[in-house]
**Student:** 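Right, I'll just put the structure down here and ask away after.
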2 protein chains.
Amino acid sequence: MEHPQESILACACELYLSDGLAGLSMRKLAKEVGVTAPALYRYYDGREAVLADLVRHAHHVFSDYIRRGLEAPTPAERFASAAQGYFDFALEHPRWFAIMFFGPERLGMDSIPDDIESMECAIHQFWNDRVTECMRAGILKEGNPQEVSLTMWAHAHGLIQLYHQGRLNTDEDGFRRLVKESSDRLFAGILTDDFLSLKPFGDGAREEEAETAVAAGAGT
Amino acid sequence: MEHPQESILACACELYLSDGLAGLSMRKLAKEVGVTAPALYRYYDGREAVLADLVRHAHHVFSDYIRRGLEAPTPAERFASAAQGYFDFALEHPRWFAIMFFGPERLGMDSIPDDIESMECAIHQFWNDRVTECMRAGILKEGNPQEVSLTMWAHAHGLIQLYHQGRLNTDEDGFRRLVKESSDRLFAGILTDDFLSLKPFGDGAREEEAETAVAAGAGT
DNA sequence: GTCTATAATCCGATAGAC
DNA sequence: GTCTATCGGATTATAGAC
């Protein structure tokens, strides 16, 4: 190959997707590439560096998924297609989804490389932009976009995690239905109006923080 | 010790809590116990059996947390204290929380032992009971208790996962505040009333399934 | 740039003596 | 019931020849 690094990374992807993290060793990777293990160290400082590139790759694929449909005309459509892309990515590429949320300990690193942390921040910003758009369009209640997007992110992330761990006892079609129904509940609320008009669970500070919101831009 | 199994398990807990799953080897465990590795095999068939007992232990601790306060007088209080116990457990014992959601692959098992799966089902039933109670009390909108509890479970689980992976950039106090605010949003809904009365995102089948719900018992 | 050879560890699990 | 000794395997990573 003209660019050894790329073919090494391609083989690393293949190995990771088929055998998982534990199955990705420098020896197996070398065998897959067609060289011996020491040769890999010409292009990667070690296993950690390979894993870091895998995480970067996952972020690129993920980014493609959530950004497709970004040219839709309305904020609601842009949000919906981004959310759809999120679940599509998680369901079509569970291992790529997983490696994005492994954390440094699981990856055998001291800390996440800076450029990867930047990609994570870019994702946060992306969702903040979607939420801010929808607030301005009057679709979402006013509020702190970061906190509102956290609520939706946590809900989606939790659903996916539970499904991937096989704790929902359903197949992919059933899961997609569950996601839809559960999202509807999140959007509409689950408390009765009677109870809501009386007194919510906590101190119920939900109205007086409107001025702290609506500030971010719309780029990535 | 009079009961070798128990002291082995105690050491295994200690080792797991300090060094994580990867740090728990039969050799280290033996050293911790004060014997040599082969002696362990008198009491455990192998590493998998030790891990299974760790998962069982985690479930017992977890169960204590979510069931404390179960003698409260109202369904709302019982639910609130159970939810509080859930987050307390996750924050005070992150590694015990984590091992409950590792899945067989991560534990190096073919499948989860039956008795552990039973414990997982008992947890599901516990939350279904809490939700059913609150529906009957008019606190939660009528609906399928399993699906409503899934929405709340996913939200809580996702929040905890994201926090434990350090993706929320906040300390424990800040996280507890985020949890409170995000839960309020989930309870009350995040869409504007205007948009909600028009047409929710999907087909919006939320009213016509009331008769399928409200059937479960109230015991654990 | 790639190889052979190897260092240095670690692992789970077992056989058989005591 | 515990030990010593060991099997058989894995891993990352390096030294030095070619």
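Model, not experiment: these values are computed from the prediction. Quick note on labels: first sequence line is chain A, next is B, and so on, each numbered from 1.
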**Student:** C:dC3 P sits how many Å from A:K31 NZ, rounded?
**Tutor:**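 Result: 13 Å.
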**Student:** One thing to verify: whether A:E32 and A:K28 come together as a salt bridge, which I'm taking to mean a side-chain N less than 4.0 angstrom from a carboxylate O.
**Tutor:** no
**Student:** Considering every strand and a 4.0 Å limit on heavy-atom distances, what is the contact class for B:Y44: base, sugar-phosphate, or nothing?
**Tutor:** nothing
**Student:** Below 4.0 angstrom, N of the basic side chain to O of the carboxylate: do B:R56 and B:D53 qualify?
**Tutor:** yes
**Student:** May I have the distance from A:I8 (atom CD1) to C:dG1 (atom C1'), rounded to whole angstrom?
**Tutor:** 11 Å
**Student:** State which of D:dC3, C:dC3, C:dC11 makes the closest approach to the side chain of B:V35.
**Tutor:**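 Per side-chain heavy atoms of B:V35, the pick is D:dC3.
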**Student:** In whole Å, I'd like the distance from the CG atom of B:L40 to the P atom of D:dG1.
**Tutor:** 14 Å
**Student:** Salt bridge between A:E105 and B:R95, side-chain N to carboxylate O under 4.0 Å?
**Tutor:** yes
**Student:** So which protein nitrogen or oxygen atoms get under 3.5 Å of nucleotides 13-17 of chain C's nitrogens or oxygens?
**Tutor:**
from: C:dA13; atom 1: OP2; to: B:Y41; atom 2: OH; distance (Å): 3.0
from: C:dA13; atom 1: OP2; to: B:R47; atom 2: N; distance (Å): 3.1

**Student:** So does A:D171 have more than 12 non-hydrogen atoms from other groups sitting under 6.0 Å from CG?
**Tutor:**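 Above 12, so yes.
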**Student:** According to a strict under-4.0 Å criterion, is A:T36 in side-chain N/O contact with OP1 or OP2 of C:dT2?
**Tutor:**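 No.
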**Student:** Rounded to the nearest 0.5 Å, what's the gap from OH on B:Y65 to CG on B:D88? Could you check?
**Tutor:**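 Here the rounded value is 7.0 Å.
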**Student:** Would you mind listing every ring-ring contact (aromatic ring centres under 6.0 Å, His included) that reaches into residues 22-62 of chain B, with sequence neighbours excluded?
**Tutor:**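 Listed once each, the pairs are B:H57-B:W96, B:F62-B:Y86, B:F62-B:F89.
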